[in-house]
Protein chains: 2
Amino acid sequence: MGVTKTDLFTKQQNELAQIAKAFAHPARIAILEILVESKSCINGNLVQELGLAQATISQHLRELKELGLIKGSIEGTSVSYCINSQKWEQVRSLFNGLFDQVADSCDSDSCC
Amino acid sequence: MGVTKTDLFTKQQNELAQIAKAFAHPARIAILEILVESKSCINGNLVQELGLAQATISQHLRELKELGLIKGSIEGTSVSYCINSQKWEQVRSLFNGLFDQVADSCDSDSCC
DNA sequence: TAATTACATTGCAATATTACGATTATTATT
DNA sequence: AATAATAATCGTAATATTGCAATGTAATTA
């Protein structure tokens with residue numbers, strides 16, 4: 001029904017899925033990459049860099065902000081966005097927690 | 001319009017976003033975790049483990065298989081699924097490629 | 001061969017996501 | 001205060017995703 005049955009899953013599973021959604025769109029990946037590179041914390045010239053409308057970018061930024069992956073601070077008439085490196089580390093270990101499990105269980109060649 | 005403008009982004013950005021979608025649903029996370037733990041490559045008793053209908057699980061399995069994250073082999077009347085550890089490593093480094101960029105650029109406290 | 005078992009596929013309804021034009025704040029400048 | 005600049009929000013259309021009942025398919029067993 002297009003509605004995820006969150007109650008069937010653990011808190012961690014739901015959390016990881018929620019975060020993964022942030023990465024599940026190329027525009028948001030692009031935004032994150034731009035913010036990472038220009039650590040000077042750029043604002044809405046994202047509209048120029050990417051070819052999307054202002055409203056669309058703003059929407060993606062909000063999603064990233066709601067998940068805590070980025071922070072935004074008002075800077076004159078514009079808004080300065082940047083990576084929230086603390087959250088970033090959390091997310092990294094959330095993913096690696098899953099990734100590493102396979103590495104652990106596959107040290108021999110017991111996998112198919 | 002609900003349609004992603006893939007042509008605006010790089011191949012890598014689209015690829016990472018595509019893979020991230022695999023992780024963007026708790027049922028698929030749960031499935032992957034179960035397959036990781038029971039490296040003996042379990043089949044559709046997933047239906048019992050998770051509380052979803054058989055058709056729903058099958059659909060999630062197909063998505064994971066199409067992305068190459070899991071493999072399935074016919075085993076009598078049932079199907080044995082397991083992690084594709086080769087692809088798994090690729091995915092891990094795809095994500096870490098992004099994650100590490102922040103670590104690199106934030107060694108001092110130049111971030112906001 | 002008929003019945004059974006285990007999955008995959010199809011078709012559909014409900015909800016979510018993506019995108020953008022238009023409008024509405026908010027702050028800065030004149 | 002009026003204007004400009006910048007970005008958030010609203011409303012809406014198009015498409016995607018999630019979930020399941022029903023049906024189809026392939027291998028196994030009686």
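Letters A, B, ... mirror the listed sequences (proteins, then strands); counts begin at 1.
When all heavy atoms of N14(A) and F9(A) are compared, the closest pair comes out as ND2-O, 3.5 Å.
Distance, L67(A) CG to dT17(C) C1': 14 Å, rounded to whole Å. The nearest whole Å value for the distance from the CG atom in L52(B) to the C1' atom in dA21(D) is 15 Å. Summarising the geometry, the separation between CD on Q59(A) and C1' on dT17(C) is reported as 8 Å, rounded to the nearest angstrom. The separation between K5(A) atom NZ and dT15(C) atom P is 13 Å, rounded to whole Å. Protein atom CD of E66(B) is 14 Å distant from nucleotide atom C1' of dA16(D), rounded to whole Å. If you take NE2 of H25(A) and P of dT18(C), they are 5 Å apart, rounded to a whole angstrom. In this structure, L50(A) atom CG and dA19(C) atom P are separated by 11 Å, rounded to whole Å. Rounded to whole Å, the distance from CZ on R28(B) to C1' on dT18(D) is 9 Å.
In this model, the phosphate group of dT17(C) is not approached by any side-chain N or O of H60(A) to a distance below 4.0 Å at OP1 or OP2. Applying the 4.0 Å criterion to OP1 and OP2 of dT9(D), one finds that R62(A) has a side-chain N or O inside that range.
Enclosure of atom CD in Q86(B) is not indicated, since only 12 or fewer non-hydrogen atoms of other residues, nucleotides or ligands lie within 6.0 angstrom.
Side-chain atoms of R28(A) come within 3.5 Å of backbone N or O of A22(A) as a donor-acceptor pair.
Nearest nucleotide to the side chain of T56(B), out of dA19(C), dT18(D), dC20(D): dC20(D).
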Please list, pair by pair, any protein nitrogen or oxygen found under 3.5 Å from a nitrogen or oxygen in nucleotides 4-8 of chain C.
residue : atom : partner : partner atom : Å
dA6(C)  : O4'  : T77(B)  : O            : 3.1
dA6(C)  : O4'  : T77(B)  : OG1          : 3.2
dC7(C)  : OP1  : N43(B)  : ND2          : 2.3
dC7(C)  : OP1  : G44(B)  : N            : 3.3
dC7(C)  : OP1  : V79(B)  : N            : 3.4
dA8(C)  : OP1  : Y81(B)  : OH           : 2.3
dA8(C)  : OP2  : S58(B)  : OG           : 2.8
dA8(C)  : N7   : Q54(B)  : NE2          : 2.8
dA8(C)  : N6   : Q54(B)  : OE1          : 3.1

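At the heavy-atom level, E75(B) lies nowhere under 4.0 Å from the strands shown.
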